[in-house]
Every structure is written in structure tokens, then in C-alpha cells.
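Since the structure comes first, as C-alpha cells, the remarks are kept for the end.
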Amino acid sequence: MRIDVVTIFPGYLAPLRESLLGRAADAGLIEVALHDLRSWTHDVHQTVDDAPYGGGPGMVMRPQVWGEALDAVIASDSRPPRLVVPAPAGRSFTQATARAYATEQRLVFACGRYEGIDQRVVDHYSRQFPVDEVSIGDYVLVGGEAAVLVIVEAVARLLPGVLGNPRSAAEDSFSDGLLEGPAYTRPEVWRGQAVPEVLRSGNHGAIARWRRDRALERTAKRRPDLLAALPEDRLDAADQAF
Ligand SMILES: Nc1c(O)cccc1[N+](=O)[O-]
């Protein structure tokens with residue numbers, strides 16, 4: 001997978017070259033290219049924004065500079081892109097979105113700042129490629145860069161070969177529609193708290209049932225919306241207690 005990120009703060013995306021993602025890039029599983037939006041400005045101040053039509057606070061990012069940048073970046077690789085624009089007004093980015101993005105050949109991220117990017121940019125490219133405006137949560141950030149770090153990590157970890165143990169991705173929270181239950185490791189007793197006996201029993205059936213019950217219990221308590229959204233056939237008879 002090829003990942004391009006257009007931003008006025010390329011340094012903010014440096015973590016994409018660290019750790020798991022760095023190893024995935026070194027292994028050729030993903031290619032990450034960072035592009036400074038200001039490279040496509042033509043004035044001494046490298047202006048990327050202007051006052052909003054209709055008035056109001058803040059500034060809006062100019063369509064001209066974004067058009068030149070995205071034309072150049074998209075043309076720099078032959079793989080067809082999905083353009084992703086992180087924005088507070090976007091559709092919610094979920095594990096299902098991450099799974100869908102993991103099947104893409106190429107993701108091009110446009111990081112907005114200020115009050116966002118002139119809407120005509122999304123409208124223009126939507127006529128040529130799939131374009132998604134996505135939100136990672138209902139809170140206000142200063143720009144899209146932090147969201148790109150979240151999205152790229154959630155997607156890249158699903159790519160074959162990126163995670164050491166492929167079962168990890170299959171058994172994580174949300175992978176079966178539920179939150180993960182509690183996890184324990186040695187020592188057996190820590191500050192007077194013992195690891196639940198069933199986990200030390202060696203009875204794999206009982207352990208699986210216990211883990212499922214804890215996941216259902218936690219999901220019912222913290223995210224009843226996830227439980228309500230589960231298809232009927234995803235809950236077995238023993239699950240009905242939740
Ligand atoms: N929430 C937010 C924002 O305020 C600015 C850019 C991107 C996002 N987001 O992806 O959630």
C-alpha cells in the first residue's frame with residue numbers, strides 16, 4: 001500500500017516512520033510519502049489560507065494550492081487513490097472503515113487546518129476518485145494530522161505481515177463487535193489481587209467462555225450501542241444473559 005500525506009506540518013507525521021509502521025515500511029509493506037502543501041504556493045509568504053466567504057471566524061484553506069498539490073501528488077504514482085480528508089464533520093472512522101481501507105492500493109490524505117479546506121476541493125476530486133471525509137471522534141483538533149496518525153496505524157496493522165501475530169488483529173477489540181475483556185499476566189498475585197482462577201485452570205473451553213462473558217459485560221456497561229448493533233446471529237444462547 002502506498003500512503004501519501006499532504007500537510008503544512010510534515011514533521012508532525014514523523015511517527016509514521018517509527019516502530020511498527022517503520023518496520024512495515026522497511027519491509028516494503030507500505031510506502032509513506034509526506035508532502036509539504038506550501039511547496040505548491042507561489043508567493044513569498046507561502047499563503048495557504050484566506051478569509052471565509054460569508055464572513056465568520058478563522059480562515060479557510062485555498063482551493064488553488066490544494067488543487068495543484070493533489071494533482072501533482074496523485075499523478076506521482078499510478079495506483080488509483082482513495083482521497084481521505086480527516087474533518088470534524090466527517091463520517092465516523094471505525095474498525096470497519098479501517099478494514100475497508102486496508103484493501104486499498106493507495107490512500108492520499110489531505111490534512112486541513114484552520115476552518116478546513118474549501119469545499120470545492122472535495123467536490124472536484126469526488127468526480128474522479130473515491131473521496132471520504134472522516135472523523136476520528138467528536139472533539140475539536142487543530143488539524144487533520146493527528147487523525148492521519150490514528151487512521152494509518154489502524155489500517156496498517158491490518159495489512160498482512162505487519163503484525164507479528166496475525167491472530168492479534170482478529171482478536172482485538174471491535175474485531176468481533178465487542179470490547180475486549182480484561183487481560184492479566186504474571187505475577188499470579190500483585191498487591192493482594194490474584195489473577196482470576198479460570199485463567200490459570202488450563203480449561204480452554206472455560207477460559208473462552210469467561211473471556212466472552214467479560215467482553216459482553218464490559219461492552220454492555222461501556223458501549224451498549226455496540227451490543228445493540230450486533231447482528232442477532234453473532235450472539236449465542238449463552239450470550240443472551242447480557
Ligand atoms: N475532529 C477533527 C478536527 O477537529 C479536525 C480534523 C480532523 C478531526 N477528526 O478527524 O476527528
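Numbers here simply count residues along the sequence, with the first being 1. It should be emphasised that the depicted structure is a prediction, and the values quoted were computed from it without experimental measurement. Start at 1 and go down the list; that is how both ligands and their atoms are numbered.
- Under the 6.0 Å distance and 45° angle rule, R62 does not count as a cation-pi partner of W66.
- Applying side-chain contact (heavy atoms from CB on, under 4.5 Å) to Y114 and the options D50, V48, V142 leaves one that passes, V48.
- Against a heavy-atom cut-off of under 4.0 Å, S135 is close to the following atoms of ligand 1: 9 (N), 10 (O), 11 (O).
- In summary, the atoms of ligand 1 found under 4.0 Å from a heavy atom of V140, numbered by their order in the structure, are 4 (O).
- Among all protein heavy atoms, the one lying closest to atom 1 (N) of ligand 1 is Y139 O, 2.7 Å.
- Using a cut-off of 4.0 Å between Lys/Arg side-chain N and Asp/Glu carboxylate O, R211 and D213 are scored as not salt-bridged.
- Of all protein heavy atoms, the one closest to atom 4 (O) of ligand 1 is L141 N, 2.7 Å.
- Under a 4.0 Å heavy-atom criterion, G90 is not in contact with ligand 1.
- Atoms of ligand 1 lying under 4.0 Å from at least one heavy atom of G137, given by number and element, are 1 (N), 11 (O).
- Interatomic distance, NE2 of H124 versus CG of D71, reported as 5.5 Å (0.5 Å rounding).
- Of the protein's non-hydrogen atoms, I136 N, 3.2 Å is the one closest to atom 10 (O) of ligand 1.
- The existence of a salt bridge linking R91 and E133 is excluded, since no basic side-chain nitrogen approaches an acidic carboxylate oxygen closer than 4.0 Å.
- Side-chain contact check for H42 and Q64: no donor-acceptor pair (N or O, by modelled atom type) lies under 3.5 Å.
- Scanning the protein heavy atoms around atom 5 (C) of ligand 1, the nearest turns out to be P88 CD, 3.6 Å.
- Using a 4.0 Å cut-off to heavy atoms of A147, the atoms of ligand 1 that qualify are 10 (O).
- Considering only non-hydrogen protein atoms, atom 6 (C) of ligand 1 sits nearest to G143 O, 3.5 Å.
- Contact between V134 and ligand 1 is present, with at least one heavy atom of the residue lying under 4.0 Å from the ligand.
- At a heavy-atom distance under 4.0 Å, no atom of A146 approaches ligand 1.
- Contact check on E197 versus R200 returns no salt bridge, with no Lys/Arg side-chain nitrogen under 4.0 Å from an Asp/Glu carboxylate oxygen.
- Using a 4.0 Å cut-off between charged nitrogen and carboxylate oxygen, E31 and R79 count as a salt-bridge pair.
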